[in-house]
Amino acid sequence: MNTKKEKVNILLAAFEADPFFKSGGLGDVAGTLPRYVVSDNYDIRVILPKLKQIPDKYTSKMKYLGNFTVPLGWRNQYCGLFELKFAGIIYYFLDNEFYFHRDKAYGEFDDGERIAFFSKAILEAIMHMDGFIPDVLHCNDWHTALTPVFLREQYMQVPGYSNIRTIFTVHNLKFQGMFSDELIGNVLGLSGTPAEDQLKCGDAVNFMQGAIKYSDMLTTVSPSYANEICTEYYGEGMEELFQQRRDNLVGILNGIDYKLYDPMYDKCIKYHYSEKTLANKQKNKLQLQEELGLPVNADIPLYIIISRLTEQKGLDLVDYIMPQLMERELQFVVLGVGDEKYENSFKYHASKNPGKMVALLKFDAALSNRLYASADAILVPSRFEPCGLTQMMAMRYANLPIVRETGGLRDSVAPYNEFTGEGTGFSFANYNAHELLSCIDLSLSVWYDNHKAWVRMQRHAMRKDYSWHSSAKAYRKLYRKLAGK
Ligand code: ADP
């Protein structure tokens, strides 16, 4: 019997993808996921805007495929289509210098129009891909949220298009694409259609709302976050819609690149180690302590934060407990940039506690790897966390996460069990500074009073698999199910 499966065609649409351009987690996912999905049975291609920010080394290798016009309200706008084969994946780039050749990728005065152009150009471009018609169009975040709407409202007559199924993935619910409702007629060309009502949110048009209503399937980046966004606390006003679509909403945990983040081979660290050679981890710690002017002592636990310094990350809780934290027997290093109030607070406490705390207020990827490799514990007390990568990176480096039980933190960190000694970190439930402090105290008691349990947890954490392999498997399954193949 021939068990070969039918090939599934997928077009993944995003506004950014590593290594071409990346500003956050979306870029990581769009850059990495396709490389893990692609196989003989899955032809996954990626479509992106040809942004000014893409380095010449990539643009110079792109092949021009042709051009077409994109109808946008009363306008007909030029769009060029380029192709680049890179790391085994076909990437398509949509070119319009007026919309995409800007100094900033996001935050322009006409973002509504630029994004509408991108969302519609994706559908026009499919007609120029040499017969490649996706079974599944995988849209990501608000920049591609209108594509499922345009597909159903304006493109169903195009041969092959009525079979296209859509997935919309929410990476960041904070940005929904809200603009004056004038855009509905003027730019989207949808006034008087059923879409008008579906897109309206009060006096505004809300692009993401369109995707939530029109996509065949909705996903987000962890199972817990999929539950959370159905509640008022996390739903950012979309909770009722998510509740209505609950049967078509799943959470798939993101992964991290296990080749890039590997304590055995990481080029940023001096002493490489595995779960069998954890003593080498200590050498990294001693070196870092010396460099940062901290007492060089392997017995004092080194706690870190590596984060954007924003409210989302639970830094109000950390700020609140700083005086008590500084009374504990530990060292504390913060690597981050962001809101001035948090930067100032960390700077203040570091100046008050020399030899105990260091605030590194910058973005430094190489240093972050050295911190993961040197530290004993990392604080991630987020208010909300769709997936979160720092806790996974930390576990990979035998650095135990102390997290709030929310979103992807809850799905990836197994809390310490005092009775069995099992676990890969420590966690607390409520967004409360005292709970955070008790959780840190629990971790300190394990460090000082039951160090064997600590080392056992380090090994458990290192053995966990948060690579992209398992996420890609879940996406493949979903793609195939939607494609009906
Ligand atoms: P978010 O995407 O919400 O910022 P994640 O945990 O998903 O949070 O990802 C954060 C990523 O950014 C991690 O790879 C982390 O190591 C990195 N990072 C955050 N702040 C810094 C910094 N100041 N220097 C270097 N890397 C940082």
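In listed order, ligands and their atoms are each counted from 1. Numbers for residues simply follow the sequence, beginning at 1.
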| When only distance counts, is Arg308 in polar contact with ligand 1, meaning an N/O pair under 3.5 Å? | yes
| message | Could you identify the single nearest non-hydrogen protein atom to atom 16 (O) of ligand 1 and state the distance to 0.1 Å? | response | Tyr372 OH, 2.7 Å
| query | Considering only protein heavy atoms, which is closest to atom 2 (O) of ligand 1, and at what distance to one decimal place? | reply | Gly25 N, 4.3 Å
| query | Are His469 and Tyr36 close enough that their ring centers fall under 6.0 Å? | reply | yes
| remark: Residue, atom and distance of the protein heavy atom nearest atom 6 (O) of ligand 1 read Leu389 N, 2.8 Å
| Backbone or side chain, does any N or O of Lys362 fall under 3.5 Å from an N or O of ligand 1? | yes
| said: Distance under 4.0 Å to a non-hydrogen atom of Gly388: what atoms of ligand 1 satisfy this? | reply: 6 (O), 7 (O)
| query | Between the main-chain N or O of Phe428 and the side-chain N or O of Glu435, is there a donor-acceptor pair closer than 3.5 Å? | reply | no
| task | Please write down residue, atom name and distance for the protein heavy atom closest to atom 27 (C) of ligand 1. | result | Phe363 CE1, 3.4 Å
| said: Suppose we measure from atom 24 (N) of ligand 1 to each protein heavy atom; which comes out shortest, and what is that distance? | reply: Asp364 N, 3.0 Å
| Between Phe15 and Phe21, is the gap from one ring center to the other below 6.0 Å? | no
| When you measure from atom 14 (O) of ligand 1 to every protein heavy atom, which one gives the shortest distance, and what is it? | Met393 CE, 3.2 Å
| Counting distance only, does the side-chain N/O of Thr277 pair as donor-acceptor with the main-chain N or O of Tyr273 below 3.5 Å? | no
| Do the ring planes of Tyr372 and Tyr397 sit parallel (below 30°), tilted (30 to 60°) or perpendicular (above 60°)? | parallel
| said: Just to confirm my output: which protein heavy-atom neighbour is closest to atom 1 (P) of ligand 1, and how far is it? | reply: Lys313 NZ, 3.5 Å
| note | Looking only at heavy atoms, the pair that brings Ser471 and Ile252 closest together is O-CG2, 3.9 Å
| request: Closest by any non-hydrogen atom to atom 20 (N) of ligand 1: pick that one out of Ser307, Gly408, Gly336. | output: Ser307
| Could Lys120 and Phe150 be counted as a cation-pi pair, given that NZ or CZ must be under 6.0 Å from the ring centre and within 45° of the axis? | yes
| query | Considering only the protein, which heavy-atom contact is closest to atom 11 (C) of ligand 1, and what is its distance? | reply | Thr390 CG2, 4.7 Å
| Of Leu146, Asn140, Asp141, Thr147, the residue whose pairing with His143 passes side-chain contact (heavy atoms from CB on, under 4.5 Å) | Asp141
